[in-house]
Structures are given as C-alpha cells and as structure tokens.
Amino acid sequence: MVLVEKLSKNFFLYLSKNKVLNKSAKRWGLKLGAAQVVAGVSIVSVMKVVKTLNDKGLVCTVDHLGEFVLNREEAIESTNICVETLETIAATGVICNLSLKLTQLGLDIDRKLCLDNMLQILDVAKKNNNFVRIDMEDYAHYHQTLEILTELRRNYNNVGTVIQAYLHCAQKDLESLSGVPLRLVKGAYKEAPEVAYQKKERIDENYIELIKQHLLTGSYTAIASHDHEIIAKIKRFCIEQQIPKSQFEFQMLYGFRKDMQERIVKEGYTMRVYVPFGKDWYAYFMRRLAERPQNVSFALKGFFSK
C-alpha cells in the first residue's frame, strides 16, 4: 500500500510539471474534477464563493493560479489581476487575504521585475488594510523567496510567507523569522533527500515542532493541515501554554473537509479557507492529487457527478 501511494504521488507530481499538459488544460476548462477544488476562473466567480464561505463564519485567502510564467507580459498580467483582486475584496467587503507565487510575478525572468510587481501589490494591499501571503514554491526558489521577503519586510508589515516542514533547513529559517506571520505546511513538492525529509513520520514530527516553536515566540501562526490528529494536538498545546486563539488560525484548502472547517469555527477558532481560482489550474490540481490517494477518488466523483 505504501509503495502504491508513493508511486501515485510521484506520478502526479511528475504530471504537475508537464508544460504541454498545463497548456492543454487551459482549453479544457475546470474538468477532470478540478471544479471540486478550484473556485471558477474569474474574480467574480471566486468572490461569490468567498462570500458564501464568509456567511458560514469562514475567512479566506484567494490565489489566482499561475505556473510557468516565462515572459514579462504574463508577469505583468498576473500582477494586474492580483491588484484587481485586492481592489475587489475591498469593494465587496468580504473577509479575505491574497496569496500569490513569486514566479507568477516574474521571478524566473527578472528579479527586479518581480520585486517591482510585489511592491505594487503591497501598496494596494496596504491602502486597503489587507495582507499578502507569498506561497512557498519548490526548493529551487526557496532561498530567493526568503531573501525577497526580508527585503519587503523592511517597509511592509502586511506580508508573510510559508515554511515547509519537510525541509531540513526549516527550523533554522523559522528562528530567523520570529515575529513574521507565517503559514506552516508539511510541503507538497517532490524534493531530493539532500534537502528534504522523505518519511511521513519524520515530516509530521518536524511539522508539530515548528508550529510549537513559532507559537512560543508570540508570532502569529497559520496552521495549514487537514489532519485532525495534528489539529487536536495543537489545540491542546495552546490551551496548556495559554496561547490565545487570536494568535493563530487553522487553514484548509477549498473543497476539502468542509464539515471539519465549520466545526472548527463553531469552537471559536479562526478557520481560513485557501480558495484558488483562474484558468491556470492544472499544476495546482495535480499536486492536490499527489498529496493523498483519497483525493483521486474525490476528484473522479466530482467529474462523474456532472
């Protein structure tokens, strides 16, 4: 069973990096079950979803999906959509942040272009009293992301990033990010043993330790997990350490464990839903299928129920 899960994960992670399939997927629309986990292709469609989630007591962060941005025009287009999304959030009054990837803004093209695009987005977010989360990508972009975050934090306190528990360097880097609002995750990319833990048990162990470490510094912490056992452990830890509910939040992906999301809200915790949207959904969807074998049957169920 473990071998089957590993093969399944590697297969979908391999597919997620296929640029030909990614390009074709834009023509398919939200088929193959992707509509189960992606909230439409437009800002209008995602705002409707966010409003519905807000009405249930859930707060959100939206992400305009984009991968393989290889020219300046695409990077500028992505930046404009991020700006428009922030303005629409403010205009509609929904409770929602913005998540984005630096490669979407041109990191692989020109570092200065990417930085200038981020400054434009952060200015709009600051004007609207909103927060921007820089999603962490694969290890090839890891150090660049942290360097840019450090540069941005000199003038903006409304920006944070993500630390992935499967990386060997996660604990050391977390120490240097004390006081920075962070989303802590296990990690969803395929990385080499030289830089990342490979065994689930070791990743889970490190994940819990990182959460505790960041919470004990008094830093705002977003715990992104669908694992009910991990969530229960963190709840107990926060009660024991008298850490207020206002210092942390739980996060889950749109389309997954809806009952648990609503139950966490009823318990008085902040529950933020990560809501992706856009035409460039393919790579995101493949990584979700890679994470857990159960997600494949979940997606197929959505596909055949249309």
Side-chain angles (χ1 to χ4, degrees), residues 59-66 78-79 82-83 85-86 89-90 95-105 107 114-115 117-139 141-167 169-189 207 209-225 234 238 243-253 269-276:
V59 296
C60 298
T61 184
V62 295
D63 174 20
H64 178 250
L65 298 172
S78 292
T79 301
C82 287
V83 167
T85 301
L86 285 167
I89 289 171
I95 307 171
C96 186
N97 297 156
L98 176 71
S99 293
L100 53 78
K101 291 179 175 60
L102 293 182
T103 55
Q104 217 176 332
L105 307 183
L107 183 59
C114 176
L115 187 59
N117 287 337
M118 267 304 301
L119 292 175
Q120 182 182 346
I121 291 167
L122 287 177
D123 280 338
V124 175
K126 186 175 182 179
K127 179 188 73 173
N128 292 304
N129 195 31
N130 211 332
F131 179 82
V132 177
R133 177 86 61 190
I134 301 173
D135 286 343
M136 190 58 74
E137 301 181 66
D138 60 6
Y139 190 71
H141 299 97
Y142 178 76
H143 294 291
Q144 288 175 289
T145 300
L146 293 185
E147 288 167 4
I148 288 175
L149 174 70
T150 299
E151 193 167 342
L152 293 171
R153 291 281 303 179
R154 294 190 187 117
N155 296 303
Y156 299 88
N157 60 9
N158 63 328
V159 59
T161 192
V162 179
I163 290 295
Q164 301 155 315
Y166 65 0
L167 294 181
C169 59
Q171 185 171 17
K172 178 176 176 292
D173 289 324
L174 192 71
E175 292 172 3
S176 68
L177 293 167
S178 177
V180 178
L182 296 175
R183 177 195 296 144
L184 301 181
V185 303
K186 294 182 184 180
Y189 294 85
Y207 183 51
E209 287 307 310
L210 292 177
I211 295 170
K212 292 179 178 179
Q213 178 184 330
H214 204 53
L215 285 168
L216 289 174
T217 65
S219 306
Y220 192 82
T221 307
I223 301 124
S225 176
I234 298 306
C238 290
I243 295 170
K245 291 178 179 178
S246 58
Q247 193 194 313
F248 65 95
E249 65 185 47
F250 294 105
Q251 294 191 359
M252 292 186 189
L253 300 172
Y269 296 96
T270 300
M271 178 73 242
R272 190 175 302 275
V273 183
Y274 183 98
V275 188

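On a predicted model such as this, the values are computed, not experimentally measured, just so you know.
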Using side-chain hydrogen bond (donor to acceptor under 3.5 Å, both in side chains), reason through S99 and R183 one step at a time and then give a plain yes or no. CA-CA 11 Å; S99 293; R183 177 195 296 144; 3.1 Å; yes
If we only count heavy atoms from C-beta on, is the [X] to [Y] side-chain gap below 4.5 Å?
{"X": "I89", "Y": "N128", "result": "no"}
{"X": "L184", "Y": "Q213", "result": "no"}
{"X": "V273", "Y": "V59", "result": "no"}
{"X": "L152", "Y": "L115", "result": "yes"}
{"X": "H141", "Y": "K101", "result": "no"}
{"X": "V185", "Y": "M136", "result": "no"}
{"X": "I163", "Y": "H214", "result": "no"}
{"X": "I134", "Y": "L100", "result": "yes"}

Main-chain N/O of [Y] paired with [X] side-chain donor or acceptor, under 3.5 Å:
{"X": "Q144", "Y": "L107", "answer": "no"}
{"X": "N117", "Y": "T79", "answer": "no"}
{"X": "S176", "Y": "D173", "answer": "yes"}
{"X": "N158", "Y": "N129", "answer": "no"}
{"X": "Q164", "Y": "E137", "answer": "yes"}
{"X": "Y166", "Y": "Y189", "answer": "yes"}
{"X": "R133", "Y": "V162", "answer": "no"}

